[in-house]
Amino acid sequence: QGEPPARLAVIQGRPPGADGAEMTGSRLERLSDVRLYLIATADQAPAASPDWLDRVRGAVAGGVGAIQLRQKGASTAVRRAWLRQLREVLGSKALLLVNDDLAAVHDGQGALLADGLHLGRADAEALGGHSGTPAERRHRGLSRARDTLGPELLLGTSTRTATEIAAALAAGVDHVGFGAMSVSTTKPGAPPARPEELARCLARFPGLPIFPIGGVDLETLPAWQALGARQAAVGSAVLQALDPRASAAALWALFTPDG
């Protein structure tokens, strides 16, 4: 009684976007409830195609609760255009983040386009300037991003160890991607992270949204769940599926008590 529609759907064992329910609560509270975080890789075209938008819409209907727009090499203007399209299509049914482009979070005139930012290692270091060690540059970059975003917007980063997570938290990060857990199309050259390190991080940071990433699909997800994962980041397994909604729903079902 009194639960927001999206959370009530989860309690009842249904994907939160299946009934078109809007997500409510603070962004971090909403992210903590997210089971599937979609890495939506896209090209540099000036606008998203109707088919791509339909695929993202289907993924949200199947259970995706957060979307990260990932457009390597695209301009800030292009990213802003795609974020506007995604927001028009999705409303508040899913959290919307942008990869590596701090300026794209706003439209340049103060209007908010995204719920937050994900900074990978290299981009965090670049934002942190040229002096110091990579870890020091990464800390400065993440801290600067947090200062710019303020306390209400989300800030995530890529990690592989408990030490990296602790440093990210000290810089103002509120959630992390962990991996890559296995070979993925998003980062094909990344060496796999150690499963025992994921288990250690999940135990050490129990309240932190930690999303295993890299090759997550119906075959690999149960192994990360067995280590304690309650959330996961997905990519091609959903967005490139014949039926993104059905693919997302099948993955989401693994997080339900009867899944």
task: Compute whether any side-chain donor of one residue and acceptor of the other, for His175 and Ser32, lie under 3.5 angstrom apart.
output: no

- prompt: For Phe178, which residues count as a ring pair (Phe, Tyr, Trp, His ring centres under 6.0 Å) partner, sequence neighbours excluded?
  reply: none

query: Heavy atoms, side chains only, cut-off 4.5 Å: are Asp100 and Arg70 in contact?
result: no

- prompt: Quick one: salt bridge (charged side-chain N to carboxylate O under 4.0 Å, His left out) partners of Arg194, sequence neighbours excluded?
  reply: Glu196, Glu197

- request: Indicate yes or no: does Arg140 engage Asp147 in a salt bridge with an N to O separation below 4.0 Å.
  value: no

statement: Output for pair (Asn99 CG, Leu69 CG), nearest 0.5 Å, gives 8.0 Å

query: If you look only at pairs with a residue in residues 121-147, which of them pass as a ring pair (Phe, Tyr, Trp, His ring centres under 6.0 Å), with sequence neighbours excluded?
result: none

field: Contact check, side chains of Val234 and Ile39, non-hydrogen atoms, under 4.5 Å
entry: no

query: Which ring pair (Phe, Tyr, Trp, His ring centres under 6.0 Å) pairs, counting each pair once, include a residue from residues 85-112, with sequence neighbours left out?
result: none

- prompt: Are Val173 and Thr159 close enough that some pair of their side-chain heavy atoms sits under 4.5 Å apart?
  reply: no

Side-chain heavy atoms of Gln85 within contact of Leu53, under 4.5 Å: yes

- prompt: Just how far is it from atom CG of Leu28 to atom CG of Asp115, taken to the nearest 0.5 Å?
  reply: 12.0 Å

message: With salt bridge (charged side-chain N to carboxylate O under 4.0 Å, His left out) as the rule and sequence neighbours excluded, what pairs involving residues 57-67 come up?
response: Asp54-Arg57

- prompt: Do Pro209 and Val34 have side chains that get closer than 4.5 Å, going by heavy atoms?
  reply: no

message: Just to verify, what does Trp82 make a ring pair (Phe, Tyr, Trp, His ring centres under 6.0 Å) with, not counting sequence neighbours?
response: Trp52

Least distance between heavy atoms, Ala81 atom then Pro46 atom: CB-O, 3.7 Å

- prompt: Does Arg80 have any salt bridge (charged side-chain N to carboxylate O under 4.0 Å, His left out) partners at least two apart in sequence or in another chain, and if so, which?
  reply: none

message: I'd like to check the side chain to side chain contact (heavy atoms under 4.5 Å, CB included) partners of Asp51; sequence neighbours left out, ordered by chain and number.
response: Ser49, Arg55

Set of residues satisfying salt bridge (charged side-chain N to carboxylate O under 4.0 Å, His left out) with respect to Asp107, sequence neighbours excluded: none

task: With sequence neighbours left out, write down each residue that passes salt bridge (charged side-chain N to carboxylate O under 4.0 Å, His left out) with Asp101, or none if nothing qualifies.
output: Arg79

- prompt: How about Leu149 and Arg146: do any of their side-chain heavy atoms sit closer than 4.5 Å?
  reply: yes

Set of residues satisfying side chain to side chain donor-acceptor pair (under 3.5 Å) with respect to Arg137, sequence neighbours excluded: none

- prompt: Any side-chain heavy-atom pair from Ile67 and Val60 closer than 4.5 angstrom?
  reply: yes

message: Contact between Glu136 and Ser131 at the side-chain level, heavy atoms closer than 4.5 Å - yes or no?
response: no

field: Pairs involving residues 27-51, ordered by first then second residue, that meet ring pair (Phe, Tyr, Trp, His ring centres under 6.0 Å) (sequence neighbours left out)
entry: Tyr37-Phe211

